[in-house]
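Written below as structure tokens is the structure these notes are about.
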Amino acid sequence: DCHFTYVNRKAIECTGSRLEVLLSIFIFDLVIPQQHDFIARKVQERLKGGSPGSYELWIRCKNGKKILLRIKASPIVESFGINGGLILAEDISEQRRMEKEINRLANLYRVGAMAAGMGYKIRSPLNAVSGFLQLLQKNNDFEQYNCYFETMLEEIDRANIIINEFLQLAQNRLMDLYLHDLNH
């Protein structure tokens with residue numbers, strides 16, 4: 001009937017509820033409402049099939065916090081049929097948070113690597129433009145445009161400096177950390 005008959009100390013700590021409360025409620029009272037149908041199907045699968053299964057679900061603790069559990073459920077089979085179920089639950093909320101953070105950092109790394117590659121590709125045409133501007137600057141036919149050439153060359157140099165700084169940030173550097181006495 002989806003009631004708890006026993007809960008261990010860890011379940012009491014995890015949910016923030018008292019033992020008497022946990023033994024008096026339905027399993028559905030802990031599960032977030034969006035997963036009620038899911039958990040009902042899983043309970044029926046365990047009771048019908050008589051085989052163990054594993055799944056994940058969110059529960060809401062007494063303090064309102066939601067935690068993700070990895071559930072391993074197994075029916076208790078006796079000579080007259082299924083007499084109940086054993087549920088082992090593991091809080092995997094932190095593990096999932098860490099997995100998301102690792103994925104986020106991996107994406108940032110890929111973006112950084114792509115941006116560094118783009119920095120090298122941008123620098124080549126800038127250098128070509130700079131070279132042609134310098135050639136035009138030396139040509140006496142374009143002497144009246146020298147002030148424009150100077151401005152363009154300065155801006156290209158500035159862009160190159162920014163790209164170089166960015167590429168230095170993108171480099172993988174080995175850090176050689178060691179202790180120092182700051183007083184010396």
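Under the 4.5 Å side-chain heavy-atom criterion for ILVMFWY residues, a single connected hydrophobic cluster contains both Leu23 and Val31. Ile162 and Phe166 are members of different hydrophobic clusters when ILVMFWY side chains are connected at heavy-atom separations under 4.5 Å. Hydrophobic clustering of Ile, Leu, Val, Met, Phe, Trp and Tyr side chains at less than 4.5 Å, counting indirect connections, keeps Met118 apart from Leu167. Residues Ile32 and Leu22 are members of separate hydrophobic clusters, defined by side-chain heavy-atom contacts under 4.5 angstrom among Ile, Leu, Val, Met, Phe, Trp and Tyr. The cluster map of Ile, Leu, Val, Met, Phe, Trp and Tyr, joined by side-chain heavy atoms under 4.5 Å apart, puts Leu68 and Leu88 in different clusters.
Summarising the geometry, atom CG belonging to Leu57 is positioned 12.0 Å from atom CZ belonging to Arg70; distances are rounded to the nearest 0.5 Å. The distance from the CZ atom of Phe26 to the NE2 atom of His36 is 11.5 Å, given to the nearest 0.5 Å. With rounding to the nearest 0.5 Å, the separation of CD in Glu94 from CD in Glu99 is 11.0 Å. One finds the OG1 atom of Thr151 at 9.0 Å from the OH atom of Tyr148 (value rounded to the nearest 0.5 Å).
Contact of the Ile12 side chain with the Ser17 side chain is not registered, since no non-hydrogen atoms from C-beta on lie closer than 4.5 Å. Considering only heavy atoms from C-beta on, Ile156 comes within 4.5 Å of Leu133 through its side chain. Side chains of Asp157 and Glu154 form no contact here, defined as non-hydrogen atoms less than 4.5 Å apart. Within the 4.5 Å cutoff, the side chain of Ile87 has heavy atoms near those of the Ile27 side chain. The side-chain heavy atoms of Leu108 and Leu105, taken from C-beta on, include a pair separated by under 4.5 Å. Residues Val21 and Leu19 fail the side-chain proximity criterion, which asks for heavy atoms closer than 4.5 Å. With a 4.5 Å cut-off on side-chain heavy atoms, His3 and Ile25 do not count as touching.
Of the charged side-chain nitrogens involved, none lies within less than 4.0 Å of a carboxylate oxygen, so that Arg97 and Glu101 do not count as a salt-bridged pair.
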Pair Ile92, Leu69 - check side-chain contact (heavy atoms from CB on, under 4.5 Å), show working.
CA-CA 6 Å; Ile92 58 171; Leu69 298 178; 6.0 Å; no
Kindly indicate, with the supporting measurements, whether the criterion salt bridge (Lys or Arg N to Asp or Glu O under 4.0 Å) is fulfilled by Glu45 and Arg41.
CA-CA 6 Å; Glu45 286 174 14; Arg41 279 194 315 276; 5.4 Å; no
Given side-chain contact (heavy atoms from CB on, under 4.5 Å), test His184 with Asp181 step by step and report yes or no.
CA-CA 6 Å; His184 293 274; Asp181 183 350; 2.8 Å; yes
Ile163 and Leu126: CA distance, side-chain angles, deciding distance, side-chain contact (heavy atoms from CB on, under 4.5 Å) verdict:
CA-CA 11 Å; Ile163 290 170; Leu126 281 178; 3.8 Å; yes
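A donor-acceptor contact shorter than 3.5 Å is absent between the side chain of Ser130 and the backbone of Leu153. For Thr15 (side chain) and Ala11 (main-chain N/O), a donor-acceptor pair under 3.5 Å exists by modelled atom type.
Looking at every heavy atom in both residues, Cys61 comes nearest to Cys14 through SG-O, 3.1 Å. The heavy-atom pair separating Pro75 from Pro52 by the smallest distance is CD-N, 4.0 Å.
For Phe28, the CZ atom sits in a packed shell: over 12 heavy atoms of surrounding residues, nucleotides or ligands are nearer than 6.0 Å.
Applying the side chain to side chain donor-acceptor pair (under 3.5 Å) test to every pair with at least one member in residues 112-127, sequence neighbours left out, gives these pairs: Arg123-Asn164, Asn127-Asn160. Legend: side chain to side chain donor-acceptor pair (under 3.5 Å) pairs involving residues 52-64, not counting sequence neighbours, sorted by first then second residue: Glu56-Arg96.
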May I have the list of side-chain donor-acceptor pairs in residues 134-144 shorter than 3.5 Å, sequence neighbours left out?
| from | atom 1 | to | atom 2 | distance (Å) |
| --- | --- | --- | --- | --- |
| Gln137 | NE2 | Glu150 | OE2 | 2.3 |
| Asn139 | OD1 | Asp141 | N | 2.9 |

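Here the two rings, on His180 and Tyr178, have centers that are under 6.0 Å apart.
Side-chain contact of Asn107 with Arg110: a donor-acceptor pair under 3.5 Å is present, judged by distance alone.
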